[in-house]
Student: 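Got a structure for you, written out below as structure tokens; questions coming shortly.
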Amino acid sequence: MKNNIARLHDCYGCGVCTSVCPVKIIELRENSAGFYEPVITDHDKCIECGLCLKVCAFNHKDIALKTSDIDSYAGWSNNAVIRQRGSSGGVGFEIGKHLIENGYTACGVEYNVGNERAEHFLADNIEAFARSIGSKYIPSFTQTAFEQIDRKGKYLITGTPCQIDSFRRYIKHLKKEDNFILLDFFCHGVPSMLLWRNYLHEIESAIGKANFVSWRNKTGGWHDSWNINIDSVSSENVDCDNFYDINTPEKIHSYQSRWKGGDLFYKFFLGNYCLNKCCYKSCKYKRFASSADIRIGDLWGKTFAGDNLGTSGIVAFTDAGRKLLGELEHCTLQPVSNVTVAEGQMAKSPSFPLIYNRVIRQLTHGMTLRRIYDSTIRYYRILTLPRRAWARLKRKISKH
């Protein structure tokens, strides 16, 4: 086998290898399980330079950034509209806004309703970058955006910790780290696109073709944001662009996709029943393990339990990250302990569920989420109840 990424399986699917390949024979494609992975399109053209393996975070046991000096904050945007639109405190958008105003191009993630997927995209103005507001709890397709990056330009790159780790290796190889600010987030893992499409198509069968999707919409408050808002092309009196207009406080009155007993997408996702296999076995990025300049996320835990507007937990890992946070004039930042920021964040990867292959197979065959949950997951939860109760007890004991 040649010296390229064809030797890797169940990787992160970050897509950075597609950009570094000098002969452009690597494409990011969705596999049968619903995750992105690199594919060599012409093995005969491979020159065995090994660059795809050099920048691949999955191919290394360590992470690219070595640091033990971190600063932690609680924060939020002072703009009430930005704070309400964001999944937590809106600090991620404020970072991009500030850098765009200072000559950077921002690489964020938007939901493409036509392609039914999340996609990285480049924005050189604030209005365009606004389409990155809010979380997208599905894998993102990176290849198109990453290949458009001009190595001589200045960029903010946002992404999952594994995407950012590979990207750090990429810009180290280019000797261009000073041109980039890297931003990641506390990551739970990414679920299969099969889950998302089954979920979406079930809703569309009731309301029509979707033209807007918002995860964790806070119209009901931060602590009641575990739903997905979806509008269809037939919706009346709904202007979906209002959601991305940071100058208007108007709310979107959209279809909240709740099932009785809780939203099924989150039951599958947060229950860890169909994450990428590497999220169980190969994640190196929990808590404060990061190759980013800054990490953000919801600041769960006791300290801000009374807040219902949204608060971001923020961690600076580099001097560039600390300098940037000091320049954010339109945010409130409060220094907090690392313990406070880590409250509620995953300390380790989830356990691989024994029903994983069955769930993926059922999703592949288009079985409804309710039927999968009732026929497979519900019984699995009953069987694993003693193990989960023991794990919960150990967590309580460790806190005292």
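When reading the values below, keep in mind they use all heavy atoms of this one structure, side chains included, and skip hydrogens, waters and symmetry mates.
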Student: Run the side chain to side chain contact (heavy atoms under 4.5 Å, CB included) check on Y380 and L354 step by step: do they pass?
Tutor: CA-CA 8 Å; Y380 180 73; L354 297 178; 4.0 Å; yes

Student: Provide the full list of salt bridge (Lys or Arg N to Asp or Glu O under 4.0 Å) pairs with a residue in residues 87-111, sequence neighbours left out, each pair given once.
Tutor: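 Checked against salt bridge (Lys or Arg N to Asp or Glu O under 4.0 Å) - neighbours excluded - the pairs reaching residues 87-111 are K97-E101, E110-R131.
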
Student: Check whether any side-chain N or O of T158 sits under 3.5 Å from a backbone N or O of L183 as a donor-acceptor pair, and report yes or no.
Tutor: no

Student: Specify the closest pair of heavy atoms between V16 and S166, including all atoms of both residues, with the distance to one decimal.
Tutor: CG2-CB, 3.7 Å

Student: Report the hydrophobic cluster partners of L383, with the cluster defined as I, L, V, M, F, W, Y residues connected by side-chain heavy atoms closer than 4.5 angstrom, directly or transitively.
Tutor: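 Hydrophobic cluster check, L383: no partners found.
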
Student: Does any pair with a residue in residues 147-163 pass salt bridge (Lys or Arg N to Asp or Glu O under 4.0 Å), and if so which ones, sequence neighbours excluded?
Tutor: none

Student: According to ring pair (Phe, Tyr, Trp, His ring centres under 6.0 Å), who are the partners of H188, at least two apart in sequence or on a separate chain?
Tutor: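 With neighbours one apart ignored, the set is F269.
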
Student: Could you list the residues that satisfy side-chain hydrogen bond (donor to acceptor under 3.5 Å, both in side chains) with R381, not counting sequence neighbours?
Tutor: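 R381: side-chain hydrogen bond (donor to acceptor under 3.5 Å, both in side chains) contacts with Y273.
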
Student: H60 and K54: which non-hydrogen atoms are nearest, and at how many Å?
Tutor: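 Closest pair (atom of H60, atom of K54, distance): CE1-O, 3.2 Å.
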
Student: Within the 3.5 Å criterion, strictly below it, is a donor on H120 or S140 matched to an acceptor on the partner's side chain?
Tutor: yes

Student: Using only heavy-atom distances, determine whether the side chains of T376 and Q362 contain a donor-acceptor pair under 3.5 Å.
Tutor: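 Yes, because at least one side-chain N or O of T376 sits under 3.5 Å from a partner of the opposite role on Q362.
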
Student: How far apart are the closest heavy atoms of Y104 and L156, and which atoms are they?
Tutor: CD2-N, 4.0 Å

Student: Please determine if E204 and R197 form a salt bridge, counting it only when a charged side-chain N lies under 4.0 Å from a carboxylate O.
Tutor: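 No, this pair does not count.
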
Student: Is it true that a side-chain atom of S312 and a backbone atom of G89 form a donor plus acceptor pair closer than 3.5 Å?
Tutor: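 Between the backbone of G89 and the side chain of S312 there is a qualifying donor-acceptor contact (under 3.5 Å).
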
Student: Test side chain to side chain contact (heavy atoms under 4.5 Å, CB included) on T144 and E119; report intermediate values, then the result.
Tutor: CA-CA 9 Å; T144 303; E119 299 176 347; over 6 Å; no

Student: Is it true that I164 and F121 fall in one hydrophobic cluster, defined by side-chain heavy atoms closer than 4.5 Å?
Tutor: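 Different hydrophobic clusters.
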
Student: Taking the six-membered ring of Y356 as reference, does the NZ or CZ atom of K277 fall below 6.0 Å from its centre and within a 45° cone about the axis?
Tutor: no

Student: With side chain to side chain contact (heavy atoms under 4.5 Å, CB included) as the criterion, how do D307 and L299 come out once you've worked through the C-alpha distance, each side chain's angles and the decisive distance to 0.1 Å?
Tutor: CA-CA 10 Å; D307 170 38; L299 211 166; over 6 Å; no

Student: Sequence neighbours left out, cut at 3.5 Å: what donor-acceptor pairs do the side chains of residues 32-47 make with other protein atoms?
Tutor:
residue, atom, partner, partner atom, Å
E37, OE1, N31, ND2, 3.3
T41, OG1, I25, O, 3.1
D42, OD1, D44, N, 3.1

Student: Please answer whether the main-chain N or O of G90 pairs with a side-chain N or O of S77 as donor and acceptor at a distance below 3.5 Å.
Tutor: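 Side chain of S77 to backbone of G90, a donor-acceptor pair under 3.5 Å: no, none is there.
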
Student: Would N272 and Y280 count as having a side-chain donor-acceptor pair, cut-off 3.5 Å?
Tutor: no

Student: W215 vs Y111 aromatic rings, parallel, tilted or perpendicular, using cut-offs 30° and 60°?
Tutor: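 Answer is perpendicular, since the angle exceeds 60°.
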
Student: Going by the rule ring pair (Phe, Tyr, Trp, His ring centres under 6.0 Å), which residues pair with F58 if we only count those two or more places apart in sequence or in a different chain?
Tutor: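 Per chain and number, F58 pairs via ring pair (Phe, Tyr, Trp, His ring centres under 6.0 Å) with Y12.
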
Student: Ignoring hydrogens and geometry, is there a side-chain-to-backbone donor-acceptor pair from N276 to C279 under 3.5 Å?
Tutor: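 Not at all, since once roles are kept as given, no pair shorter than 3.5 Å links the two residues.
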
Student: List the residues meeting ring pair (Phe, Tyr, Trp, His ring centres under 6.0 Å) with W76, not counting sequence neighbours, and say none if there are none.
Tutor: none

Student: Please collect all side-chain hydrogen bond (donor to acceptor under 3.5 Å, both in side chains) contacts where either partner lies in residues 288-302, sequence neighbours excluded, each pair once.
Tutor: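 Passing the test, one end in residues 288-302: D165-S291, R168-D293, D184-S290, D184-R295, R216-D298, W222-D298, D293-T318.
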
Student: Linking directly or through intermediates, with side-chain heavy atoms under 4.5 Å: list the remaining ILVMFWY members grouped with V336, chain and number order.
Tutor: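 Joined to V336, directly or through intermediates: L65, I70, F186, F288, V315, F317, V341.
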
Student: Short question: side chain of K267, backbone of L369 - any donor-acceptor pair under 3.5 Å?
Tutor: no

Student: List the residues meeting ring pair (Phe, Tyr, Trp, His ring centres under 6.0 Å) with Y155, not counting sequence neighbours, and say none if there are none.
Tutor: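 Y155 satisfies ring pair (Phe, Tyr, Trp, His ring centres under 6.0 Å) with F180 once adjacent residues are dropped.
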
Student: Should F268 and V359 be marked as a side chain to side chain contact (heavy atoms under 4.5 Å, CB included) after you check the CA-CA gap, both sets of side-chain angles, and the distance that decides it?
Tutor: CA-CA 10 Å; F268 278 69; V359 170; 4.2 Å; yes

Student: Not counting sequence neighbours, which residues clear side-chain contact (heavy atoms from CB on, under 4.5 Å) with D69? List them please.
Tutor: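 Residues passing side-chain contact (heavy atoms from CB on, under 4.5 Å) with D69: T67, R322.
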
Student: Test your reading of the model: is there a side-chain donor-acceptor pair from Q345 to the backbone of R287, 3.5 Å cut-off?
Tutor: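 Looks like no, no N/O pair under 3.5 Å.
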
Student: Please determine whether a side-chain nitrogen of the Lys or Arg among D71 and K323 lies less than 4.0 Å from a carboxylate oxygen of the Asp or Glu.
Tutor: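 Looking at K323 together with D71, the answer is no, because their closest N to O distance does not fall below 4.0 Å.
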
Student: Checking the side chain of N115 only, and the main-chain atoms of R117 only, is there a donor and an acceptor separated by less than 3.5 Å?
Tutor: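 Not at all, since once roles are kept as given, no pair shorter than 3.5 Å links the two residues.
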
